[in-house]
Amino acid sequence: MFFRHVPAGGFRMGARGYEPNEEPVHHVVIPHDFCVGTFPVTQDQYRAVAERCGALRFRANPSGFKGPRRPVENVSWREAVTFCDWLTRERSAVVPPGFGLFCLPTEAEWEYACRAGSETEYYAGDGEAALGEVGWYDANSGNETHAVDERAESHPFGLFGMHGNAWEWCHDEWDHAAYRGRVDGARDEGGQRRRDDWQAGLASLLKVVQTRVLRGGSWSNTASWCRSAYRDWVAPVDCSGFYGFRVCLVRGPAAGTETESGATGAGGRGTRPEADGAAT
């Protein structure tokens, strides 16, 4: 599993003229750097953890569209959080100095990483032609998921599959009116809340029943649903052939491992082979 470094910064979150829950467009500050998975979690990666994690073992291969390099799907928010928690507690992964908490991205982190400085519908531009170059959706997917590295992309942060293929769970609870009370320059404090959640113990976190955010769209959705700003939500126990996830790595409780990492030290493409789309 490879990661890309995303620097702290700011961006304009949301979109005007599409869905009420995407407005108003507002400036958000991400006050911390973080690392985000180059690809969504694949079926091989999910199974490798699930076979070692008692809470996931009974559904170690849940995907409907089978393929080792396809994104894992049919995964609930709770299962995705359990996967991340196992990685954090196991602490066997190679991580960069100062990082140690594996988690789902906050909604703001997800959109910030997806946009990578863009203000268009998709990071590649506006319109279905732009989406068709970087995402699998109802018009080009053939009604199935595709391998996460099936084609090359030119995302500024070196990420793959941010649009379409499989929805990606975010840590946040859903709030239809979340943007209405924000002012320009609002800080995304979700990172600290997420670390607090981990410190309090996942046992209590997993009892939460509030609906959770999904981002990115899937193989079955129209182009509009795959936009950078589009927001969706379902219950944390729901799972279907549309829902997958991507792992973030942030500064947290397991920090301090002085080892070489698959994450780069700055935004943009790194030196590992997967920079060109090869398998992780």
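- Residues passing the side-chain hydrogen bond (donor to acceptor under 3.5 Å, both in side chains) test with Glu23, sequence neighbours excluded: none.
- Tyr230 and Val25 are assigned to two separate hydrophobic clusters, defined by single-linkage of ILVMFWY side chains at heavy-atom distances under 4.5 Å.
- Under the 4.5 angstrom side-chain criterion for Ile, Leu, Val, Met, Phe, Trp and Tyr, the cluster partners of Trp174 are Val213, Trp233.
- Crowding of Arg57 atom CZ: a count of heavy atoms from other residues, nucleotides or ligands under 6.0 Å exceeding 12.
- Evaluation of the side-chain hydrogen bond (donor to acceptor under 3.5 Å, both in side chains) rule for Asn221 yields Trp167, Ser218 as partners, not counting sequence neighbours.
- Evaluation of the salt bridge (charged side-chain N to carboxylate O under 4.0 Å, His left out) rule for Asp33 yields Arg251 as partners, not counting sequence neighbours.
- With sequence neighbours excluded, no residue forms a salt bridge (charged side-chain N to carboxylate O under 4.0 Å, His left out) with Glu51.
- Cluster partners of Val237: none. The rule joins Ile, Leu, Val, Met, Phe, Trp and Tyr whenever side-chain heavy atoms lie under 4.5 Å apart, and it links nothing here.
- Taking the six-membered ring for Trp and thresholds of 30 and 60 degrees, His171 and Trp77 have ring planes inclined between 30 and 60 degrees apart.
- Aromatic ring orientation, Tyr46 versus Phe245: perpendicular (interplanar angle above 60°, classes split at 30° and 60°).
- Grouping Ile, Leu, Val, Met, Phe, Trp and Tyr by side-chain contacts under 4.5 Å, direct or through others, puts Val134 with Tyr123.
- Closest approach of Ala116 and His155 over heavy atoms only: CB-CE1, 3.6 Å.
- Not counting sequence neighbours, Trp110 has no partner by the ring-ring contact (aromatic ring centres under 6.0 Å, His included) test.
- The only option from Arg231, Arg215, Arg227 that meets the salt bridge (Lys or Arg N to Asp or Glu O under 4.0 Å) definition with Glu111 turns out to be Arg215.
- Note on Phe65: it clusters hydrophobically with Phe242, by side-chain heavy-atom contacts below 4.5 Å among ILVMFWY residues.
- Qualifying salt bridge (charged side-chain N to carboxylate O under 4.0 Å, His left out) partners for Asp175, counting only residues two or more places apart in sequence or in other chains: none.
- Membership of the apolar cluster around Tyr137 extends to Tyr122, Leu131, as traced through chained side-chain contacts below 4.5 Å between ILVMFWY residues.
- Trp136 and Phe39 sit in two unconnected hydrophobic clusters of ILVMFWY residues. Membership requires side-chain heavy atoms under 4.5 Å apart, directly or through other members.
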Please report the C-alpha distance between Glu79 and Tyr243 in whole Å, then the side-chain angles of each, then the deciding distance to 0.1 Å, and finally whether the side chain to side chain contact (heavy atoms under 4.5 Å, CB included) criterion is met. CA-CA 11 Å; Glu79 288 170 324; Tyr243 309 154; over 6 Å; no
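- Residues passing the side-chain hydrogen bond (donor to acceptor under 3.5 Å, both in side chains) test with His32 are Glu109, sequence neighbours excluded.
- No side-chain heavy atom of Ser63 sits less than 4.5 Å from a side-chain heavy atom of Asn74.
- When hydrophobic clusters are built by joining Ile, Leu, Val, Met, Phe, Trp and Tyr residues whose side-chain heavy atoms come closer than 4.5 Å, directly or via intermediates, Tyr179 is not grouped with Val29.
- For Glu73, the side-chain hydrogen bond (donor to acceptor under 3.5 Å, both in side chains) test picks out no residue, with sequence neighbours left out.
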